[in-house]
Amino acid sequence: MQIELDETDRQLLRALQGNARLTTSDLAQLTGLSQSPCWRRIRRLEELGLIEGYHARLQRRKLGYGVVAFVSISIDFQNEQRSAEFVQAVLAIPEVVMFHGVTGAADFLLMVVAPDLDAYSALLQRRLHRLPGVRQVQTSFSLEEFRGFESLPIPGAPA
């Protein structure tokens, strides 16, 4: 279900994606609203589920994660119970920072961070290969990041 957004909603969403620490006063000034209506707009966007939370974007390299790997995993089962076991096992691995079920040659795609190749190799051998039902694992390493996931385009907003 797509939610109808007016230009004020789009301005608020763009601004908060860019800097979630903006105050209601800052956002009100940006949109031309007074503080109370601005706060109500933001609250409405939260209640509609458009805003799920407010997060700090951390610099992985400064935290010691020099390796980003995209891991394609094929599994040997497709029943609900075994798939749920696989999903829970993957969700328990903190180095997995994104996790999707996908179409194509693999069943799942993971984005994994590690301090270095040795640490990734250990994670691969000790955790990823031992996930329930794993049939095949293929890794592609990121050599250079041109754009990470930072924001979504706001529908109806100028390009």
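The structure places OG1 of T24 at 11.0 Å from CG of L33, a figure rounded to the nearest 0.5 Å. Between Y54 atom OH and R21 atom CZ the span is 14.0 Å, to the nearest 0.5 Å. Distance check, rounded to the nearest 0.5 Å: CG of L128 to CD of E95 gives 8.5 Å. Taken from CD1 in I75 to CZ in F108, the straight-line distance is 4.0 Å, to the nearest 0.5 Å. If you take CG on L48 and CZ on R43, they are separated by 11.0 Å, rounding to the nearest 0.5 Å. Taking CD1 of I51 as the start and CD of Q17 as the end, the distance is 9.5 Å to the nearest 0.5 Å.
For the pair F146 and E144, the minimum side-chain heavy-atom distance is below 4.5 Å. With a 4.5 Å cut-off on side-chain heavy atoms, R60 and V68 count as touching. You'll find the side chain of R41 stays beyond 4.5 Å of the side chain of L27, heavy atoms only. Considering only heavy atoms from C-beta on, R135 comes within 4.5 Å of D107 through its side chain. For the pair L5/L50, a side-chain contact is recorded, criterion being any heavy-atom separation below 4.5 Å from C-beta on. Between L12 and C38, the closest side-chain pair of non-hydrogen atoms falls below 4.5 Å.
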Return a table of donor-acceptor pairs under 3.5 angstrom between the side chains of residues 109-125 and protein atoms on other chains or two or more places apart.
residue, atom, partner, partner atom, Å
D116, OD1, D118, N, 3.2
D116, OD1, A119, N, 2.7
Y120, OH, T139, OG1, 2.6

Please lay out, stage by stage, how F141 and F70 fare under the test ring pair (Phe, Tyr, Trp, His ring centres under 6.0 Å). CA-CA 6 Å; F141 292 102; F70 297 95; 9.6 Å; no

Using the rule given for side chain to side chain donor-acceptor pair (under 3.5 Å), can you reason through Y65 versus Q59, listing the C-alpha separation, both sets of side-chain angles and the distance that settles it, and then say yes or no? CA-CA 9 Å; Y65 297 110; Q59 293 295 320; over 6 Å; no

Let me see the working for I73 and F86 under side chain to side chain contact (heavy atoms under 4.5 Å, CB included), right down to the final yes or no. CA-CA 11 Å; I73 297 180; F86 176 84; 3.9 Å; yes

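Between R40 and E47, no side-chain nitrogen of the basic residue sits less than 4.0 Å from a carboxylate oxygen of the acidic one, so the salt-bridge criterion is not met. Checked for salt-bridge contact, R44 and D9 meet the test: a charged N lies under 4.0 Å from a carboxylate O.
Applying the salt bridge (charged side-chain N to carboxylate O under 4.0 Å, His left out) test to pairs two or more places apart or on separate chains, none has a residue in residues 61-79.
A donor-acceptor pair under 3.5 Å is absent between the side-chain atoms of S83 and the main chain of E80, judged by distance alone.
Within a 6.0 Å radius of CD in Q29, no more than 12 heavy atoms belonging to other residues, nucleotides or ligands are found.
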